[in-house]
Amino acid sequence: MSSRYKEFSTLNLPLTEAEILKQWEQNHTFEKSISQRSGASPFVFYEGPPSANGMPGIHHVISRTLKDLVCRYKTMQGYLVNRKGGWDTHGLPIELGVEKELGITKEDIGKKISVEAYNQKCREAVLRFKDKWDDITRKMGYWVDLNDPYITFKNEYIETLWWLLKQLYSKGLLYESVSIQPYSPAAGTGLSSHELNQPGTYKDVKDTSATVMFRALQNEQSKFLHDAVHGAEVFFLAWTTTPWTLPSNLGLTVGGSIDYVLIQTKNPYTQLPINVVLAEKLLPKYFKPEEEIKEDVDFAASQNAAAGVTAIPWRRVLQCKGKALEGLQYEQLLPYEANSIEEIKNITPEANPFRILLADFVTTEDGTGIVHTAPAFGADDFKVGKKYNIGILTMVDKQGKFVDGLGEFSNRYVKNYKDEEEFVDVNVDIAVKLKKENRAFRVEKYEHSYPHCWRTDKPVLYYPLDAWFIKTTAIKDRLVELNKTIQWKPKSTGEGRFGNWLENMVDWNLSRSRFWGTPLPIWKTEDGESIKCIGTIDELNNEIKLANEVLGADINKDYLHEGILDLHKPYVDEIILVSDTGQPMKRVPDLIDVWFDSGAMPYAQWGLDYEKLSTGHKHPFKLPAGVEKFEELYPASFIAEGVDQTRGWFYTLHAIAGLVFDTVAYKTVVSNGLVLDKKGNKMSKRWGNVVNPFETIEKYGADATRWYLITNASPWDNLKFDEDGIKEVQRKLFGTLHNIYQFFALYANVDGFNFSEQYIPVSERPEMDRWILSSLHTLIGKVTQYYDEYDPTQAGRAIEDFVGEQLSNWYVRLCRRRFWKGEYEFDKICAYQTLFESLETVVTLMAPISPFYTDAIYMSLNEVVKKGAPQSVHHVFFPKAEQPYIDTDLENRMKLAQDACSLILSLRKKQNIKVRQPLQKVLIPVLNPTMKAGLAQVENLIMAEVNIKEIAYLNPEDTFIHKKVKPNFVLLGKKMGAKMKAISTALSNFSQEEIQHLEMNGQVFMSAPAINETILLSEVEITAEDIPGWSVATGNGLTVALDITLTKDLKMEGDAREFVNRIQNIRKERGFELTDRISVTVDDNTNLKESLITFKNYICAEILADNFSWVAGLQGESVIEVNDNQLVVVVTKNK
RNA sequence: UGGUCUGUAGCUUAAUGGUAAAAGCAGUUGCCUUAUACGCAAAAUAGUAUUGGUUCAAAUCCAAUCAGGCCAACCA
């Protein structure tokens, strides 16, 4: 135990942090913070795994600070908070990175490089920046266990994923279906949404668009249409920008509540009379108002109109809602062998195509309000097509050309995918054919933005691809219900963004056709009749042997002895299983969505426990030492990530937990906003405005950075990152704290204070001490509440205010003398104990947010004062707000004193009178006895602080003061409502007599016609406004008047004080110790002699002078100036 | 395009629907110190993106618009 408090030189956060970090590592401070809580109730935290294949950025620092501070706080609250780290290691970004590095594309994999070698590369790339991540984790002070992290590419991890998938499969929640995905025929590959979001993907192109006519079948259901036009043909108009999808058409979709009209008109190309149906709102797009005909005329007669006449007369015949059209049938537009009804039924036996369907995605913005629906080539089309079971036709192959059996269009590319010079756009030919057949109503070029493949620059198609899905929609309602039990910060993300997402959820498309990821554990026979879903490695190994036994010789021969060693491609794909009927089964080549990896982390981080598995345990997962039940680790009490994870991790965690275990995965989730640059732009490498967290931490320290990130904006708001903000935190908060500590250490070392004296009960301490301790405990209460509400921003701001305003600027400043004056006895000990306690407590409150410097102070304090204190601030229990300490009245009257001082100082400033110059008197009007009593208790303080000799009070009944009255709007507003305006005006016009009357009687009846109400004294606020004839200042309901007369005595005292100040400066300049005694000699020839002699005793006491003498014509090195008088002095240190 | 969040002094943030919109930073002026120019004080700076509405009372509630962020999409 040291006997002296460590005294630091100037504040150097980065240096201090490095030392603390070393100590933490030597003393295993983090590990102990957990082991010390063993047996305590757990607070479960999940670490969202970062991907270590890129450099960490400042945005990682903010979300990790948030996680860290909650975990530290909960630890201090007495919980056991385990923090297992993890790494996300699969996924597209990693693959793309490797492809870029190797200079290859997806198509080259398996050709130029084997899948085995490629995956090996990925495995190496995955943890490329692990060192950097580990480094930032250390340096920023993020406490997480990185010794035993979960890693998503490990077999045990993948195995758990398989087990989960098998649970889903067994419940019938995992199924294969077709999904419509972006596909690049030129590159021969599907595109991920990530690839589609590359810049420049969407380009404006001009395409041939056609409004085409589908002929309605005449039957009972369509009678109302045909009757309206005397049995003539009726056509549905539909618009498309992709005529090549027309041979695959199987339906027409309308909006149920949209108004449609039947129009009698002529085909502009053939001039034949026709009747068409389209949305009423879109009539102006096709017909001119002036050409509308109201009466029933013979349209066929106008057929012979002169050539060149472009007018298209039209007439409304009938109007109906889309709902009325539902189920109407129409004739196939472009029938060929390949898309005959027999072929359609071949693919989908129960198909019932060529009907009108209802869906709510139909709008009346474009086209005709009737949407041509080809289920193969649009996600919406597919969805509505499936609902109505209209089948599916894919008349375009994977190269992007029409299939055989489409007549003249067979084998033609639908877009110029091969860069043919003679390319003739098949879309134009289709349009021409339809024009000739009286099936096109309008054909034109249409410019729109359309996605293109980023590799080949060719247009992308939406194409049906086989995929495996998780039937999340099956438990949609349950997921919505469970979500309501989750505490979201901010609330709106949970209710709005996440809630909406759940409401509009679709099944989870799990398939990815990539190479580096968790393989889908599903094997199928060639004919697809038989399917096996594998749940564990053991199960797979048994199946491997079984297949070898049944199918014979070479099957799985490499995997017979040790079983499978790596669950990745290509090995899993080499394994052939056998069906119950003896057929060989191959694995479905897909990988699963990486989001399943991270969403399954609550289970997979532990791995499967075979023993529990064999007994059918509900949670067959391994458990870390000391944990008895899985329930101690699940669900999470708290998780936090960026708001961009809403549809990512937050969703997959929620979905998997709901699907497999019917619970939530987390009880509280904080989604933090993004970090923008100081102009509010998103940080991106392209803009070069990315902030390097290493540099920031090195420059300003992790503590200041963390504090800034947390207190500048609420975590869920976006943060505009500005270095100047960190500087300010460093300077203001940490600088101030540092000075307070330094001040304490300096004097405590002089006096040898080490808290060995008995703890002095608060009630016995001086008012100032009771005040700061009361404020401190009020602060503890606030901070605890804010932390508990996951609102560290408010907690931090409250602490900042306390440290800066209360502790430093008021308590320490006013109490300085107590530390250096007088003997080491009661008052001094009180001061030390109080300041010690305040410092220790305040660093404890701050510790979760900025863990380093607070620990440095904590340790320094307790190196001298070891009251059996724990080794680190992170091991102590969070302070509790103790009611006995809290004295609200005291805090209020101190506030009064602070306000009074502030006002008096502002008056001094106005009059240009220095604080060192004493003044005689200040006048304060008091409005009620409470105020007077309060002020009276702090008047000594005020007088000392502003250097005034006396305070006089003006009583309420004193007519000397000008008062003003105004309503208390909160109270009166509710009661008076509409009369408020009149009351407010009337009150402001009150005379001084009326106000006094109100004060004496406690109420007043206002008889103005619009009011007629009695107003109570408690319902108004009376303020003193002015004291005629005095120099006054008003603020915060307080008024002060200053007597600025300078008497001779005051003047002399002022001189003395100035003199003291100059001598103190000399002491400091010469580097004297605080306790050194001195002798002072002053030149006899000065106007100040009278002042100095009068106050000689005071002066000597202040400057610790034993001798004070006068010499005429003194020569010396020090010439000082006191109130415009030059003066030579000689100061010498006494031996 | 849809959903959602945000918009307050030059900048960063405050303000249970309650009436001269509060701070800090930067700039200006002056000042203190046996902890502190990393400090203290003063003056100045906005009428709360816009437009309407509800209300005795709106930065705050409602609607629309505009701008920005995020998420999802881009489908005829």
Side-chain angles (χ1 to χ4, degrees), chain A residues 10-11 180 193 196 202 209 238-242 245 253 361-363 365-374 377-381 448-451 462 490 492-493 496-497 500-501 504 642-644 646-648 673-674 676 678 680-682 711-713 716-718 720 722 724-725 727-728 730-736 738-747 793 797 800-801 804 808-809 812-813 816-817 819-820 902 905-906 908-910 912 914-916 966-974 976-984 1061 1064-1065 1067-1068 1072-1075 1102-1104:
Chain A
T10 49
L11 176 67
I180 310 302
S193 58
L196 224 50
Y202 282 85
S209 76
W239 179 64
T240 178
T241 55
T242 52
T245 59
T253 307
F361 66 81
V362 180
T363 66
E365 299 295 310
D366 270 319
T368 62
I370 302 176
V371 178
H372 143 60
T373 303
F377 301 115
D380 281 337
D381 299 33
H448 62 151
S449 92
Y450 195 83
Y462 286 81
S492 59
T493 303
R497 188 181 279 213
N500 276 320
W501 165 252
N504 302 316
V643 66
D644 49 342
T646 310
R647 260 100 149 161
L674 289 119
L676 310 171
K678 68 174 175 185
N681 297 313
K682 193 182 175 175
T711 56
N712 190 57
W716 36 87
D717 283 332
N718 288 346
K720 288 181 193 162
D722 188 357
D724 289 343
K727 269 187 224 167
E728 196 184 320
Q730 197 185 34
R731 188 155 50 85
K732 281 198 91 102
L733 178 64
F734 290 96
T736 306
H738 183 253
N739 286 328
I740 298 172
Y741 170 79
Q742 283 291 91
F743 173 82
F744 171 82
L746 188 65
Y747 291 104
T793 308
R797 286 178 182 169
E800 253 168 3
D801 180 69
S808 166
N809 208 17
V812 175
R813 198 161 52 84
R816 276 178 301 197
R817 296 188 142 253
F819 290 88
W820 82 70
S902 168
L905 288 173
S906 90
R908 276 182 171 275
K909 157 83 184 164
K910 230 175 251 164
N912 231 339
K914 289 182 180 177
V915 181
R916 259 192 235 110
K966 74 171 193 180
N968 180 331
F969 282 95
V970 183
L971 283 179
L972 265 185
K974 289 205 179 84
M976 299 300 173
K979 292 178 177 172
M980 280 306 287
K981 212 162 239 169
I983 293 172
S984 176
N1061 168 251
Q1064 300 289 24
N1065 285 346
R1067 287 182 60 114
K1068 200 173 182 183
F1072 291 178
E1073 288 297 316
L1074 295 180
T1075 47
E1102 285 295 309
I1103 64 177
L1104 303 184

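Below, chains carry the letters A, B, ... as their sequence lines are ordered, and counting in each starts from 1. Worth knowing before you read on, the calculation uses all heavy atoms, side chains too, and leaves out hydrogens, waters and symmetry mates.
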Novice: Could you list the residues that satisfy ring pair (Phe, Tyr, Trp, His ring centres under 6.0 Å) with A:Phe819, not counting sequence neighbours?
Specialist: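 Per chain and number, A:Phe819 pairs via ring pair (Phe, Tyr, Trp, His ring centres under 6.0 Å) with A:Phe743, A:Tyr832.
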Novice: Quickly work out the A:Phe377 CZ to B:C74 P distance and round it to whole Å.
Specialist: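 Rounded to the whole Å, the gap is 16 Å.
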Novice: Specify the separation, in whole Å, of atom CG of A:Leu733 and atom P of B:G39.
Specialist: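 One finds 12 Å between P of B:G39 and CG of A:Leu733, rounded.
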Novice: Ignoring hydrogens and angles, are the base of B:A35 and the side chain of A:Ser808 linked by a donor-acceptor pair under 3.5 Å?
Specialist: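 Yes.
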Novice: Both A:Thr736 and A:Thr711 contact RNA chain B. Which one's nearest nucleotide lies toward the 5' end?
Specialist: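 The residue closer to the strand's 5' end, by nearest nucleotide, is A:Thr711.
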Novice: When you measure from the side-chain N and O atoms of A:Asn739 to the phosphate of B:C38, is any distance below 4.0 Å, counting only OP1 and OP2?
Specialist: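 No.
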Novice: Return one dot-bracket line describing RNA chain B 5' to 3' (Watson-Crick or G-U wobble pairs, both distances under 3.5 Å; ( ) same strand, [ ] crossing, | another strand, . none).
Specialist: (((((((..((((....[...))))..((((.......))))......(((((..]....))))))))))))....
Novice: A:Asn809: what forms a side-chain hydrogen bond (donor to acceptor under 3.5 Å, both in side chains) with it, not counting sequence neighbours?
Specialist: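 Once residues adjacent in sequence are excluded, the partners of A:Asn809 under the side-chain hydrogen bond (donor to acceptor under 3.5 Å, both in side chains) criterion are A:Arg813.
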Novice: Determine the minimum heavy-atom distance between A:Thr793 and A:Thr711, stating which atoms define it.
Specialist: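 Distance-wise, the nearest heavy atoms are CG2-O, 3.5 Å.
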Novice: Mapping A:Thr241 and A:Ser984 onto RNA chain B by nearest heavy atom, which one lands closer to the 5' end?
Specialist: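 Closest to the 5' end, via its nearest nucleotide, is A:Ser984.
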Novice: Can you tell me, in whole Å, how much space there is between the C1' of B:A59 and that of B:U19?
Specialist: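 Their C1' atoms lie roughly 13 Å apart.
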Novice: Taking only side-chain N and O atoms of A:Lys732, does any of them lie within less than 4.0 angstrom of OP1 or OP2 on B:U36?
Specialist: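 For B:U36, OP1/OP2 do not have a side-chain N/O of A:Lys732 under 4.0 Å.
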Novice: Roughly how many Å apart are B:A15 and B:U8, using the P atom of each and rounding to a whole number?
Specialist: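 It comes out at 14 Å once rounded to the nearest Å.
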Novice: How close or far is atom P of B:C25 from atom CD of A:Gln730, stated in whole angstroms?
Specialist: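 My rounded result for the distance is 15 Å.
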Novice: Kindly label the base of B:G10 as syn or anti, based on whether its glycosidic torsion lies within 90° of 0.
Specialist: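 Anti, angle beyond 90° from zero.
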Novice: Taking only residues two or more places apart in sequence, or in another chain, which ones meet A:Lys727 in a salt bridge (charged side-chain N to carboxylate O under 4.0 Å, His left out)?
Specialist: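 Scan of A:Lys727 (salt bridge (charged side-chain N to carboxylate O under 4.0 Å, His left out), adjacent residues dropped) gives A:Asp724.
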Novice: Roughly how far apart, to the nearest Å, are B:C75 and B:C70 at atom C1'?
Specialist: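 One C1' to the other, the span is 23 Å.
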Novice: Which whole number of Å gives the distance between the P atom of B:A14 and that of B:A9?
Specialist: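 Approximately 13 Å lies between the P atom of B:A14 and that of B:A9.
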Novice: For the side chain of A:Arg731, starting at C-beta, report the closest nucleotide among B:A20, B:G39, B:U36.
Specialist: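 So the nucleotide nearest the side chain must be B:G39.
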Novice: Going by the rule side-chain hydrogen bond (donor to acceptor under 3.5 Å, both in side chains), which residues pair with A:Glu728 if we only count those two or more places apart in sequence or in a different chain?
Specialist: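 Result, side-chain hydrogen bond (donor to acceptor under 3.5 Å, both in side chains) vs A:Glu728: none returned.
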Novice: Separation of A:Phe969 atom CZ from B:C56 atom P, in whole Å?
Specialist: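 Whole-Å distance recorded here is 15 Å.
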Novice: Just to confirm, is there a sub-4.0 Å distance from OP1 or OP2 of B:A35 to any side-chain nitrogen or oxygen of A:Tyr747?
Specialist: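 Yes, such a contact exists.
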Novice: Could you check how far OH of A:Tyr462 sits from P of B:A73, rounded to whole Å?
Specialist: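 To the nearest whole Å, that distance equals 10 Å.
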Novice: Does a side-chain N or O of A:Lys727 approach OP1 or OP2 of B:C25 to a distance below 4.0 Å, or not?
Specialist: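 Checking B:C25 against A:Lys727, no side-chain N or O comes under 4.0 Å of OP1 or OP2.
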Novice: Within this structure, what is the CG-to-C1' distance between A:Asp381 and B:C74, rounded to whole angstrom?
Specialist: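 A:Asp381 atom CG is separated from B:C74 atom C1' by 13 Å.
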Novice: Using whole Å, report how far CG of A:Asn712 lies from C1' of B:C11.
Specialist: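 Atom-to-atom, A:Asn712 to B:C11, this comes out as 11 Å.
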Novice: Between A:Arg797 and B:A14, is there a contact of a side-chain N or O with OP1 or OP2 at under 4.0 Å?
Specialist: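 So the side-chain polar atoms of A:Arg797 do come within 4.0 Å of the phosphate oxygens OP1 or OP2 of B:A14, strictly under.
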Novice: I need the A:Thr245 OG1 to A:Asp381 CG distance, nearest 0.5 Å.
Specialist: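 These two atoms lie 8.0 Å from each other.
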Novice: Between B:G52 and B:G39, how many Å separate the two P atoms, rounded to a whole number?
Specialist: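 That atom pair is separated by 46 Å.
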Novice: Please enumerate all residues that pass side-chain hydrogen bond (donor to acceptor under 3.5 Å, both in side chains) together with A:Thr736, with sequence neighbours excluded.
Specialist: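 In terms of side-chain hydrogen bond (donor to acceptor under 3.5 Å, both in side chains), with neighbours along the sequence ignored, A:Thr736 is linked to no residue.
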Novice: Roughly how many Å apart are B:C66 and B:U50, using the P atom of each and rounding to a whole number?
Specialist: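 To the nearest whole Å, 15 Å.
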Novice: Nearest to the side chain of A:Leu746, which nucleotide is it out of B:G18, B:A35, B:A20?
Specialist: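 Taking heavy atoms from C-beta onward, the closest nucleotide is B:A35.
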Novice: Starting at NZ of A:Lys966 and ending at P of B:G18, how long is that distance when rounded to a whole Å?
Specialist: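 A:Lys966 atom NZ is separated from B:G18 atom P by 13 Å.
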Novice: Using atom P in both nucleotides, what's the gap between B:A63 and B:A26 to the nearest angstrom?
Specialist: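 It comes out at 41 Å once rounded to the nearest Å.
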Novice: Where the side chain of A:Thr373 meets the backbone of A:Val371, is there a donor-acceptor pair that is under 3.5 Å apart?
Specialist: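 Indeed, once roles are kept as given, a pair shorter than 3.5 Å links the two residues.
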Novice: Looking only at side-chain atoms of A:Arg816, point me to the closest of B:G18, B:U36, B:C25.
Specialist: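 Selected nucleotide: B:U36.
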Novice: Look at all strands and tell whether A:Asn809 reaches a base, only sugar-phosphate, or nothing, counting heavy atoms closer than 4.0 Å.
Specialist: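 Here A:Asn809 touches the backbone only, sparing every base.
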Novice: For the C1' atoms, the ones on B:G2 and on B:A20, what distance do you get once it is rounded to whole angstrom?
Specialist: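 The same atom, C1', in both gives a distance of 44 Å.
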Novice: Working to the nearest 0.5 Å, report the span between CG of A:Leu733 and NE2 of A:His738.
Specialist: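 Atom-to-atom, A:Leu733:CG and A:His738:NE2 are 13.0 Å apart.
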